[in-house]
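See structure below.
When reading the values below, keep in mind they use all heavy atoms of this one structure, side chains included, and skip hydrogens, waters and symmetry mates. None of these values were measured; they are calculated from a predicted model. Residue numbers begin at 1 in each chain, while the letters A, B, ... track the order of the sequences.
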Amino acid sequence: DTGVSQNPRHKITKRGQNVTFRCDPISEHNRLYWYRQTLGQGPEFLTYFQNEAQLEKSRLLSDRFSAERPKGSFSTLEIQRTEQGDSAMYLCASSLGGFTGELFFGEGSRLTVL
Amino acid sequence: SQQGEEDPQALSIQEGENATMNCSYKTSINNLQWYRQNSGRGLVHLILIRSNEREKHSGRLRVTLDTSKKSSSLLITASRAADTASYFCATEGSWGKLQFGAGTQVVVTP
């Protein structure tokens, strides 16, 4: 499978626990994006990377959220001390970069915080 | 915050009819893209139109862009039940960051 892969697909956790999501982009893509989507809404930008460099992080993200992309390959999104409001679908996408890029999305990781 | 706003929020049509949805945005863009999302799935890219283009076609899809009005439209001709999905516009501004609207939910009944 040469598409964008996200794991786990579903995560149920208790409030206060930490969770980590992983995204494996398409191998030749140097841009990687994280979005959050709640029911009935469009994807909300969280952060994105050009290779290993994190170019921008949404001001809406609290300090409990952190993302990394070591060596410019896969990326992880960690949420510390989860809250019920963190329940959402977390979408990862990758692109070739530049100003021409369509994004290729993974199937998402659905987080439920109890 | 989301850059684009789609209109209508929901659209219900019968197979064979055309579906039109609109997107308005606020700031200058490099390009505008349309994506489709089936329930519970990831988004799939449909079409990209650059800021210097006014109209683009891809199969049964037709997209227009009016940068003076900061608006775009997506037309799906001869709709099929398989077109049932949510459709999102996304604008690319500086540095390649894509911002999505809230989407139009389209239901096509046989």
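- Classification of B/R41 and A/E107 as a salt-bridged pair holds, one side-chain N sitting under 4.0 Å from a carboxylate O.
- Ring-plane geometry between A/F105 and A/Y35 is classed as tilted, the angle between the planes lying from 30 to 60 degrees on a 0 to 90 degree scale.
- Residue contact with chain B, scored on non-hydrogen atoms closer than 4.5 Å, involves the side chain of A/L91 exclusively.
- In terms of modelled atom types and a separation under 3.5 Å, the side chain of A/T82 and the main chain of A/Q17 share a donor-acceptor contact.
- Of the two parts of B/E6, neither the backbone nor the side chain holds a non-hydrogen atom closer than 4.5 Å to a non-hydrogen atom of chain A.
- Between B/H45 and B/Y35, the ring-plane angle classifies as perpendicular under the 30° and 60° cut-offs.
- Looking at A/Q6, neither its backbone nor its side chain comes within 4.5 Å of chain B, counting heavy atoms on both sides.
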